[in-house]
Amino acid sequence: LQRVTLFRTKDGRLRCHQEMSTNPIDEFKQRYRGELMAFEKLVTSVDDLHEISGYAHDHFEQGGGALKVKITNSGKRSLSCGLAHELKYYFLGSGSIYRLEAYAKSQNMNIDEYIDFLKDNLKYVFELGEMKVLVGKEDLTAELHKAHISELASKMAKEKKLRDKLYVLQRNFNRSPGLVAEGRDMGTVVFPEAEIKFFLVSDIQIRAERRLAQLKEMGIKRDIEDEMKQLKQRDHRDESRETSPLIP
Ligand code: DC
(Lines give C-alpha, C1' and ligand atoms only; values in the text may rest on other atoms or scores of the structure.)
Protein backbone atom coordinates (compact mmCIF):
# COMPACT_ATOMS: atom_id res chain seq x y z
CA LEU A 1 0.00 0.00 0.00
CA GLN A 2 1.12 3.50 -0.65
CA ARG A 3 0.09 6.89 0.49
CA VAL A 4 -3.47 8.07 0.15
CA THR A 5 -4.27 11.38 1.78
CA LEU A 6 -7.65 12.60 2.86
CA PHE A 7 -7.80 16.34 3.18
CA ARG A 8 -10.31 19.05 3.71
CA THR A 9 -10.77 21.71 1.05
CA LYS A 10 -11.49 25.37 1.83
CA ASP A 11 -15.21 24.81 1.47
CA GLY A 12 -14.98 22.16 4.19
CA ARG A 13 -15.34 19.13 1.94
CA LEU A 14 -13.15 16.09 2.22
CA ARG A 15 -11.08 15.12 -0.80
CA CYS A 16 -8.94 12.13 -1.50
CA HIS A 17 -5.49 12.69 -2.90
CA GLN A 18 -3.47 9.77 -4.20
CA GLU A 19 0.24 9.81 -4.74
CA MET A 20 0.71 6.49 -6.40
CA SER A 21 0.17 4.57 -9.58
CA THR A 22 1.54 1.17 -8.66
CA ASN A 23 -0.13 -2.19 -8.32
CA PRO A 24 -0.91 -2.63 -4.64
CA ILE A 25 -3.17 0.37 -4.52
CA ASP A 26 -4.95 -0.61 -7.74
CA GLU A 27 -5.64 -3.94 -6.18
CA PHE A 28 -6.83 -2.21 -3.04
CA LYS A 29 -9.16 -0.02 -5.06
CA GLN A 30 -10.50 -2.95 -7.02
CA ARG A 31 -11.34 -4.74 -3.81
CA TYR A 32 -13.33 -1.80 -2.60
CA ARG A 33 -14.71 -0.95 -6.01
CA GLY A 34 -13.72 2.68 -5.88
CA GLU A 35 -15.13 3.25 -2.41
CA LEU A 36 -11.68 3.96 -1.10
CA MET A 37 -11.44 7.03 1.03
CA ALA A 38 -8.45 7.04 3.29
CA PHE A 39 -5.78 9.07 4.83
CA GLU A 40 -2.44 8.31 6.28
CA LYS A 41 -1.29 9.58 9.58
CA LEU A 42 1.51 8.89 11.96
CA VAL A 43 -0.31 7.82 15.08
CA THR A 44 1.40 7.74 18.40
CA SER A 45 -1.44 8.37 20.79
CA VAL A 46 -5.12 7.85 21.34
CA ASP A 47 -5.55 11.60 20.71
CA ASP A 48 -4.39 11.03 17.15
CA LEU A 49 -7.07 8.37 16.74
CA HIS A 50 -9.64 10.82 18.07
CA GLU A 51 -8.56 13.26 15.42
CA ILE A 52 -9.07 10.60 12.77
CA SER A 53 -12.46 9.76 14.23
CA GLY A 54 -13.33 13.46 13.96
CA TYR A 55 -12.53 13.41 10.26
CA ALA A 56 -14.49 10.20 9.90
CA HIS A 57 -17.49 11.76 11.60
CA ASP A 58 -17.45 14.73 9.20
CA HIS A 59 -16.97 12.39 6.30
CA PHE A 60 -20.08 10.38 7.17
CA GLU A 61 -22.06 13.55 7.88
CA GLN A 62 -21.36 14.60 4.32
CA GLY A 63 -22.65 11.30 3.06
CA GLY A 64 -19.25 9.76 2.35
CA GLY A 65 -18.88 6.01 1.82
CA ALA A 66 -16.67 3.47 3.60
CA LEU A 67 -13.60 5.02 5.11
CA LYS A 68 -10.27 3.26 5.28
CA VAL A 69 -7.51 4.80 7.28
CA LYS A 70 -3.88 3.80 7.05
CA ILE A 71 -1.90 4.43 10.19
CA THR A 72 1.83 4.07 10.39
CA ASN A 73 4.23 3.17 13.17
CA SER A 74 1.86 2.31 15.91
CA GLY A 75 1.35 -0.55 18.31
CA LYS A 76 -1.96 -1.92 17.15
CA ARG A 77 -2.87 -3.58 20.42
CA SER A 78 -2.22 -0.70 22.78
CA LEU A 79 -3.76 1.84 20.42
CA SER A 80 -6.95 -0.06 19.81
CA CYS A 81 -7.34 -1.14 23.41
CA GLY A 82 -6.64 2.44 24.52
CA LEU A 83 -9.29 3.74 22.15
CA ALA A 84 -11.86 1.28 23.52
CA HIS A 85 -10.89 2.33 27.03
CA GLU A 86 -11.37 6.02 26.20
CA LEU A 87 -14.70 5.44 24.52
CA LYS A 88 -15.81 3.04 27.27
CA TYR A 89 -16.50 0.49 24.56
CA TYR A 90 -15.92 -3.24 24.67
CA PHE A 91 -12.62 -4.46 23.27
CA LEU A 92 -11.67 -7.56 21.33
CA GLY A 93 -8.02 -8.36 20.67
CA SER A 94 -8.57 -11.12 18.17
CA GLY A 95 -4.90 -12.15 18.01
CA SER A 96 -5.13 -13.21 21.62
CA ILE A 97 -8.11 -15.43 20.76
CA TYR A 98 -5.83 -17.44 18.45
CA ARG A 99 -3.03 -17.29 20.97
CA LEU A 100 -5.38 -18.65 23.66
CA GLU A 101 -6.21 -21.65 21.46
CA ALA A 102 -2.51 -22.28 20.97
CA TYR A 103 -2.06 -22.00 24.73
CA ALA A 104 -4.92 -24.48 25.32
CA LYS A 105 -3.38 -26.90 22.83
CA SER A 106 0.04 -26.61 24.41
CA GLN A 107 -1.57 -27.47 27.76
CA ASN A 108 -3.41 -30.44 26.22
CA MET A 109 -6.79 -28.88 26.99
CA ASN A 110 -9.95 -29.65 25.05
CA ILE A 111 -10.22 -26.79 22.54
CA ASP A 112 -14.02 -26.81 22.19
CA GLU A 113 -14.52 -26.73 25.94
CA TYR A 114 -11.98 -23.96 26.26
CA ILE A 115 -13.74 -21.82 23.62
CA ASP A 116 -16.96 -22.30 25.56
CA PHE A 117 -15.23 -21.32 28.77
CA LEU A 118 -13.80 -18.18 27.18
CA LYS A 119 -17.28 -16.92 26.28
CA ASP A 120 -17.89 -15.83 29.87
CA ASN A 121 -14.37 -15.61 31.21
CA LEU A 122 -12.25 -13.69 28.71
CA LYS A 123 -11.71 -10.02 29.42
CA TYR A 124 -9.37 -7.29 28.25
CA VAL A 125 -8.16 -4.46 30.39
CA PHE A 126 -6.10 -1.41 29.51
CA GLU A 127 -3.41 -0.88 32.08
CA LEU A 128 -0.35 1.38 31.98
CA GLY A 129 -0.80 1.93 28.28
CA GLU A 130 -0.96 -1.78 27.42
CA MET A 131 -3.61 -4.37 26.64
CA LYS A 132 -3.87 -7.16 29.19
CA VAL A 133 -5.62 -10.47 28.61
CA LEU A 134 -7.44 -11.89 31.59
CA VAL A 135 -9.00 -15.32 31.65
CA GLY A 136 -11.01 -15.43 34.85
CA LYS A 137 -8.68 -13.67 37.23
CA GLU A 138 -5.51 -14.97 35.61
CA ASP A 139 -3.36 -12.55 33.58
CA LEU A 140 -2.16 -14.59 30.59
CA THR A 141 -0.62 -11.70 28.59
CA ALA A 142 3.01 -12.70 29.06
CA GLU A 143 2.31 -16.40 28.53
CA LEU A 144 0.48 -15.70 25.26
CA HIS A 145 3.43 -13.80 23.81
CA LYS A 146 6.00 -16.53 24.23
CA ALA A 147 7.65 -17.53 20.95
CA HIS A 148 6.26 -21.06 20.80
CA ILE A 149 2.71 -19.76 21.33
CA SER A 150 3.14 -17.15 18.55
CA GLU A 151 4.30 -19.87 16.17
CA LEU A 152 1.55 -22.32 17.07
CA ALA A 153 -1.15 -19.59 16.93
CA SER A 154 -0.11 -18.59 13.42
CA LYS A 155 -0.27 -22.23 12.30
CA MET A 156 -3.61 -22.92 13.98
CA ALA A 157 -5.08 -19.71 12.54
CA LYS A 158 -4.97 -21.36 9.09
CA GLU A 159 -7.59 -23.97 10.11
CA LYS A 160 -10.97 -23.03 8.70
CA LYS A 161 -12.86 -25.19 11.21
CA LEU A 162 -11.23 -23.44 14.14
CA ARG A 163 -11.80 -19.99 12.60
CA ASP A 164 -15.51 -20.77 12.23
CA LYS A 165 -15.78 -21.65 15.91
CA LEU A 166 -13.88 -18.56 16.93
CA TYR A 167 -16.09 -16.42 14.68
CA VAL A 168 -19.01 -17.04 17.04
CA LEU A 169 -16.92 -16.24 20.10
CA GLN A 170 -15.73 -12.99 18.51
CA ARG A 171 -19.20 -11.85 17.38
CA ASN A 172 -20.26 -12.24 20.98
CA PHE A 173 -18.12 -9.21 21.89
CA ASN A 174 -20.32 -6.92 19.83
CA ARG A 175 -22.33 -5.37 22.63
CA SER A 176 -23.77 -2.01 23.44
CA PRO A 177 -22.54 0.75 23.65
CA GLY A 178 -19.95 -0.38 21.09
CA LEU A 179 -16.88 -2.39 20.28
CA VAL A 180 -13.34 -1.78 19.10
CA ALA A 181 -12.07 -5.00 17.54
CA GLU A 182 -8.44 -5.41 16.57
CA GLY A 183 -7.14 -7.99 14.14
CA ARG A 184 -6.52 -9.03 10.59
CA ASP A 185 -10.00 -10.02 9.48
CA MET A 186 -12.09 -7.78 11.72
CA GLY A 187 -13.23 -5.43 8.95
CA THR A 188 -13.43 -8.04 6.21
CA VAL A 189 -14.92 -11.17 7.81
CA VAL A 190 -15.92 -10.86 11.45
CA PHE A 191 -17.40 -7.34 11.53
CA PRO A 192 -17.80 -6.29 7.88
CA GLU A 193 -20.54 -3.90 8.98
CA ALA A 194 -18.08 -1.86 11.09
CA GLU A 195 -18.49 1.85 10.64
CA ILE A 196 -14.87 2.85 10.86
CA LYS A 197 -12.02 0.60 9.81
CA PHE A 198 -8.44 1.45 10.68
CA PHE A 199 -5.71 -0.33 8.75
CA LEU A 200 -2.45 -0.24 10.63
CA VAL A 201 0.90 -0.80 8.99
CA SER A 202 4.29 -0.66 10.58
CA ASP A 203 7.87 -1.15 9.67
CA ILE A 204 9.20 -4.64 10.40
CA GLN A 205 12.26 -3.33 12.23
CA ILE A 206 10.13 -1.10 14.45
CA ARG A 207 7.83 -4.04 15.17
CA ALA A 208 10.78 -6.24 16.06
CA GLU A 209 12.23 -3.55 18.32
CA ARG A 210 8.89 -3.11 20.04
CA ARG A 211 8.54 -6.86 20.56
CA LEU A 212 12.08 -7.08 21.95
CA ALA A 213 11.33 -4.30 24.42
CA GLN A 214 8.13 -6.08 25.51
CA LEU A 215 9.97 -9.38 25.89
CA LYS A 216 12.75 -7.73 27.84
CA GLU A 217 10.22 -6.47 30.36
CA MET A 218 9.01 -10.02 30.71
CA GLY A 219 12.59 -11.14 31.27
CA ILE A 220 12.91 -12.85 27.88
CA LYS A 221 15.95 -12.15 25.69
CA ARG A 222 15.84 -12.44 21.89
CA ASP A 223 18.06 -11.45 18.99
CA ILE A 224 16.65 -8.71 16.71
CA GLU A 225 17.58 -10.59 13.51
CA ASP A 226 15.79 -13.70 14.75
CA GLU A 227 12.72 -11.69 15.70
CA MET A 228 12.60 -10.00 12.27
CA LYS A 229 12.97 -13.33 10.51
CA GLN A 230 10.15 -14.84 12.54
CA LEU A 231 7.90 -11.84 11.99
CA LYS A 232 8.46 -12.05 8.22
CA GLN A 233 7.65 -15.75 8.17
CA ARG A 234 4.48 -15.21 10.17
CA ASP A 235 3.41 -12.24 8.04
CA HIS A 236 3.89 -14.32 4.93
CA ARG A 237 1.83 -17.17 6.35
CA ASP A 238 -0.92 -14.77 7.51
CA GLU A 239 -1.06 -12.93 4.19
CA SER A 240 -0.99 -15.91 1.87
CA ARG A 241 -3.42 -18.25 3.61
CA GLU A 242 -6.75 -18.99 1.97
CA THR A 243 -9.12 -18.28 4.84
CA SER A 244 -9.33 -14.69 6.11
CA PRO A 245 -5.94 -13.56 4.87
CA LEU A 246 -4.55 -10.29 6.16
CA ILE A 247 -5.87 -7.69 3.75
CA PRO A 248 -7.07 -4.12 4.23
O1 DC B 1 -2.01 -10.18 16.22
P2 DC B 1 -1.29 -11.34 16.85
O3 DC B 1 0.17 -11.39 16.50
O4 DC B 1 -1.49 -11.40 18.33
O5 DC B 1 -1.96 -12.66 16.23
C6 DC B 1 -1.53 -13.97 16.55
C7 DC B 1 -1.84 -14.92 15.40
O8 DC B 1 -3.25 -15.08 15.25
C9 DC B 1 -1.29 -14.46 14.06
O10 DC B 1 -0.20 -15.23 13.65
C11 DC B 1 -2.44 -14.64 13.08
C12 DC B 1 -3.62 -15.00 13.89
N13 DC B 1 -4.76 -14.06 13.76
C14 DC B 1 -5.68 -14.30 12.77
O15 DC B 1 -5.51 -15.24 12.01
N16 DC B 1 -6.76 -13.51 12.65
C17 DC B 1 -6.95 -12.48 13.47
N18 DC B 1 -8.03 -11.72 13.35
C19 DC B 1 -5.98 -12.19 14.47
C20 DC B 1 -4.89 -13.00 14.59
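Being a predicted model, the structure only gives us computed values, none of them experimental. When a ligand or atom number is given, it counts from 1 through the structure's own listing order. Sequence positions, counted from 1, serve as the residue numbers for this chain.
For H145, there are no ring-ring contact (aromatic ring centres under 6.0 Å, His included) partners, not counting sequence neighbours.
Counting only N and O atoms by type, the side chains of Y98 and S154 include no donor and acceptor under 3.5 Å apart. For the residue pair R99 / S150, a side-chain donor-acceptor distance below 3.5 Å is found, with atom types taken as modelled.
Ligand-side atoms of ligand 1 in range of R77: 1 (O), 2 (P), 4 (O), range being under 4.0 angstrom from any heavy atom. Numbered from 1 in the order shown, with element, the atoms of ligand 1 that lie under 4.0 Å from a heavy atom of A157 read 12 (C), 15 (O). For ligand 1 and M186, the ligand atoms under 4.0 Å from any heavy atom of the residue are 18 (N).
The option from S154, A102, S94, A181 that lies nearest to atom 10 (O) of ligand 1, judged by heavy atoms, is S154. Distances from atom 15 (O) of ligand 1 to the heavy atoms of R163, R211, E101 put R163 nearest.
The existence of a salt bridge linking K119 and D116 is confirmed by a sub-4.0 Å separation between a basic side-chain nitrogen and an acidic carboxylate oxygen.
Remark: ligand 1 and Q170 share no N or O pair separated by less than 3.5 Å (distance only, no angle test). Residue-to-ligand polar distances keep H145 apart from ligand 1: every N/O pair is separated by 3.5 Å or more. For ligand 1, the polar-atom distance check against D185 finds a nitrogen or oxygen pair separated by under 3.5 Å. The distance criterion of under 3.5 Å between nitrogen or oxygen atoms is not met by E182 with respect to ligand 1. In terms of polar-atom proximity, defined here as any N/O pair under 3.5 Å, S150 makes no such contact with ligand 1.
Checking side-chain atoms of R163 against main-chain N and O of A157 turns up a donor-acceptor pair under 3.5 Å.
Between F173 and Y90, a ring centre-to-centre spacing not shorter than 6.0 Å is recorded.
Contacts classified as side chain to side chain donor-acceptor pair (under 3.5 Å) and involving residues 170-183 (residues at least two apart or in different chains) are given here: R171-E193.
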